[in-house]
Amino acid sequence: MGQFVVAGGRRLAGAFEVSGSKNAALPILAATTLVAAPVTLKGVPLGLSDVQHMLAMLRELGVRVAPASPSRVTVDASGPLSSVLPEQYTRAMRASVFLMGPLLGRLGRVTVSRPGGCNIGPRPIDMHLKGLAALSVRFDDRPGGRIEGGGASLRGAVIYLDFPSVGATENVMMAAVMAAGETVIENAAREPEVVDLAQFLNAMGAEVHGAGTDRVWIRGQLPLHGGCYELIPDRIEAGTVAIAAAVTGGDVTLAHVIPEHLTPLWRKLTDMGVEVRPSAEGMRVSASGDLAAASLRTGPHPGFPTDLQPLMLALMTQAAGCSTLVETVFENRLRHALEMRRMGANVLTDGRMAVIYGPTPLDGAVVEATDLRAGAALIVAGLAARGTTVVLGADNVARGYERWAERLSALGADVILDP
Ligand code: EPZ
């Protein structure tokens with residue numbers, strides 16, 4: 001499992017180079033199975049365990065994978081591919097469902113295990129299945145929780161998503177690229193990672209319009225070709241470091257960041273008294289005075305990103321007054337609040353809502369990273385705490401943050417990874 005050991009009280013300062021986006025890399029790597037030619041991707045966070053899992057799954061399916069540098073990989077899906085996703089991978093990583101759309105597009109069939117819930121909610125895939133079924137895929141349940149998709153060849157359709165699900169939008173988009181005729185996704189997710197996937201597909205010869213709006217239009221069956229594509233920077237990693245700088249009264253410049261991807265965070269930090277301004281290198285985040293309480297409600301993009309909610313909760317423990325936080329995207333994403341209470345945080349939770357009174361001095365404690373962002377938030381709380389915090393479950397953090405102890409330490413933090 002491993003653990004992070006954080007000695008609190010250090011101010012973060014300096015420059016931080018943001019990695020390529022995990023949540024863009026996973027669907028784009030899956031989408032390479034649509035292309036029967038070599039594709040080179042740049043800015044891939046190859047050090048993340050989720051990305052390594054996706055690459056292992058691609059290899060298992062028959063894709064040739066050749067990492068060339070810490071952030072560059074060439075994948076070649078020109079050979080014969082299997083349509084069956086091995087169960088050990090689907091169990092280990094939810095993002096394996098991203099392979100459904102492209103494998104249906106490329107091979108006309110797919111077999112996957114139904115992913116279970118995870119620590120942030122039940123996370124069903126009903127909208128993925130409904131969207132793909134609208135493209136004429138027939139799904140049958142098989143023993144052992146397996147689902148088999150196939151049947152008639154794919155045909156474009158108009159699909160309305162009941163919720164702007166990121167994964168369902170991406171899955172349908174990838175399958176629709178190979179469907180006959182046109183597909184329209186209504187109430188589509190508008191996240192920057194959805195836009196990045198559309199731009200990748202277009203760079204390979206597809207025609208996807210409207211990504212970034214709630215109506216995405218795809219012309220299917222255009223011939224795809226190989227090529228080279230660079231992923232967007234990871235807005236959640238950038239936001240995590242911005243919040244870490246704020247909680248320590250620090251001064252950090254984020255390089256390789258697209259500021260518009262984080263508008264809700266910049267606004268909220270500014271409301272709380274943090275100075276945020278563009279600089280020649282990227283975005284500079286500095287906090288010198290007291291932090292003010294705030295209220296926050298997560299929502300699909302361009303709402304406040306749910307992935308930064310746990311980090312904001314850590315920051316709110318250090319803000320003067322009563323902060324409120326409502327999680328609208330996931331059912332069970334406040335478990336970090338209970339862990340922070342072990343550190344002395346004054347937080348009450350009720351269902352999807354948290355009320356935080358601050359500023360409360362935090363004390364180091366042994367806490368558990370119940371999921372990726374909860375782990376990142378507990379490390380941030382540890383940076384603000386007196387004494388030493390031990391964050392158990394370091395493998396959860398390694399899913400989404402590369403060389404985390406090393407990179408925070410380069411900003412002046414005292415964090416080590418104890419494997
Ligand atoms: C993506 O997950 C991200 N993961 C998540 O990041 C992120 O939190 C989430 O989008 C929301 O922004 C990747 O991109 C790999 P959703 P995804 O489908 O696609 C419900 C992180 O920390 N839902 O938009 O799974 C679902 O249960 C991770 O990096 C259904 O009910 O998110 C949830 O409550 C965690 N049925 C809500 O919709 C479905 O068929 C939003 O999920 C699909 C989703």
Side-chain angles (χ1 to χ4, degrees), residues 19-31 45 48-51 53-54 57 90 92-101 112 114-134 139 147 159-174 185 187-197 214 231-232 234-240 261-262 264-265 298-311 327-336 351-352 369-377 396-402:
S19 305
S21 161
K22 165 180 85 83
N23 289 346
L26 295 173
I28 289 176
L29 281 167
L48 301 181
S49 57
D50 270 9
V51 171
H53 261 111
M54 179 57 86
M57 214 151 33
T90 38
M93 192 179 63
R94 277 192 59 81
S96 52
V97 296
F98 286 133
L99 281 155
M100 288 172 70
V112 290
R114 202 178 272 277
C118 71
N119 276 342
I120 58 175
R123 305 184 74 181
I125 55 165
D126 54 312
M127 284 188 266
H128 299 240
L129 299 178
K130 189 178 151 201
L132 294 169
F139 287 103
I147 318 170
I159 294 153
Y160 176 85
L161 297 178
D162 294 330
F163 180 88
S165 154
V166 174
T169 302
E170 293 171 337
N171 238 334
V172 171
M173 201 192 275
M174 292 186 278
I185 309 173
N187 200 27
R190 298 160 61 184
E191 270 68 4
E193 295 76 17
V194 173
V195 178
D196 210 30
L197 173 62
D214 60 4
L231 307 186
I232 53 171
D234 196 312
R235 64 193 169 107
I236 306 302
E237 185 187 84
T240 300
H261 288 176
L262 280 165
L265 175 67
T298 65
H301 193 77
F304 194 93
T306 168
D307 293 345
L308 289 176
Q309 172 268 105
L311 285 302
E327 171 58 54
T328 75
V329 179
F330 288 108
E331 291 87 339
N332 188 23
R333 205 175 201 179
L334 285 171
R335 293 179 65 179
H336 44 280
R352 293 175 176 228
T370 47
D371 70 85
L372 162 60
R373 307 301 172 190
N396 266 328
V397 177
R399 293 182 40 218
Y401 296 92
E402 285 184 301

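Whatever order the structure lists ligands and atoms in, that order sets their numbers, starting from 1.
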Give the atoms of ligand 1, by number and element, whose distance to some non-hydrogen atom of Asp307 is under 4.0 Å. 5 (C), 6 (O), 7 (C), 8 (O), 21 (C), 22 (O), 28 (C), 29 (O), 35 (C)
Does any N or O atom in Phe163 lie less than 3.5 angstrom from one in ligand 1, N or O only? no
Is there a donor-acceptor pair closer than 3.5 Å between any side-chain N or O of Thr370 and the backbone N or O of Arg335? no
the protein heavy atom lying closest to atom 26 (C) of ligand 1 turns out to be Phe330 CE2, 4.2 Å
So, regarding Pro124 and ligand 1 (criterion: nitrogen or oxygen to nitrogen or oxygen, under 3.5 Å), is there a contact or not? yes
When you check the gap from the basic side-chain N to the acidic O, do Asp307 and Arg333 get nearer than 4.0 Å? yes
Do NZ/NE/NH1/NH2 and the carboxylate oxygens of Lys22 and Asp234 come within less than 4.0 Å? no
List in chain and number order the residues that pass salt bridge (Lys or Arg N to Asp or Glu O under 4.0 Å) with Asp196, two or more places apart in sequence or in another chain; answer none if no residue qualifies. none
Residue selection (non-hydrogen contact nearest atom 41 (C) of ligand 1) among Val329, Leu26, Ile236: Val329
Name all residues meeting the salt bridge (Lys or Arg N to Asp or Glu O under 4.0 Å) criterion together with Arg373; count only those two or more places apart in sequence or in a different chain, and write none if there are none. none
Protein heavy atom at shortest distance from atom 18 (O) of ligand 1: Ser165 OG, 2.6 Å
Answer yes or no: does an N/O atom from Gly167 fall short of 3.5 Å to an N/O atom of ligand 1? yes
In Å, rounded to the nearest 0.5 Å, how long is the span from CG of Leu29 to CG of Leu231? 7.5 Å
For ligand 1, which atoms have a heavy atom of Glu331 less than 4.0 angstrom away? 34 (O)
So, Thr298 and Gln309: side-chain donor and acceptor under 3.5 Å apart, yes or no? no
Side chain, backbone, both or neither: which applies to Leu129 and ligand 1 if a contact is any heavy-atom pair less than 4.0 Å apart? neither
For ligand 1, which atoms, with element, lie under 4.0 Å from some heavy atom of Phe98? 15 (C)
Work out whether the distance between some heavy atom of Gly400 and some atom of ligand 1 is less than 4.0 Å. no
Among protein heavy atoms, which lies nearest atom 11 (C) of ligand 1, and at what distance? Thr306 CG2, 3.9 Å
Quick one: does Lys130 get within less than 4.0 Å of ligand 1, heavy atoms only? no
Give the numbers and elements of all ligand 1 atoms closer than 4.0 Å to a heavy atom of Arg333. 8 (O), 22 (O), 35 (C)
Measure His128 to ligand 1 on non-hydrogen atoms and call it side chain, backbone, both or neither using the 4.0 Å cut-off. both
Give a yes or no on whether the backbone of Thr328 and the side-chain of Arg352 come within a donor-acceptor separation of less than 3.5 Å. yes
Can you tell which of His301, Arg123, Arg94 gets a heavy atom nearest to atom 2 (O) of ligand 1? Arg123
Consider ligand 1: state whether an atom of it lies below 4.0 angstrom from any non-hydrogen atom of Glu193. no
For atom 22 (O) of ligand 1, what's the nearest protein heavy atom and its distance? Arg373 NE, 2.9 Å
Best match, Val166, Val194, Ile125: closest heavy atom to atom 24 (O) of ligand 1: Val166
If you scan protein heavy atoms around atom 36 (N) of ligand 1, the nearest is Asp126 OD1, 2.7 Å
Answer side chain, backbone, both or neither: which part of Lys22 comes under 4.0 Å from ligand 1, heavy atoms only. side chain
Checking contacts here: is it the side chain or the backbone of Glu327 that comes within 4.0 Å of ligand 1, counting heavy atoms only? Could be both or neither. neither
Just to be sure I read this right, does ligand 1 sit under 4.0 Å from the backbone of Leu372, its side chain, both, or neither, counting only heavy atoms? side chain
Considering heavy atoms of the protein only, find what lies nearest to atom 15 (C) of ligand 1 and give residue, atom and distance to 0.1 Å. Asn23 OD1, 3.3 Å
Which is closest to atom 44 (C) of ligand 1 by heavy-atom distance: Met127, Gln309, Glu170? Met127
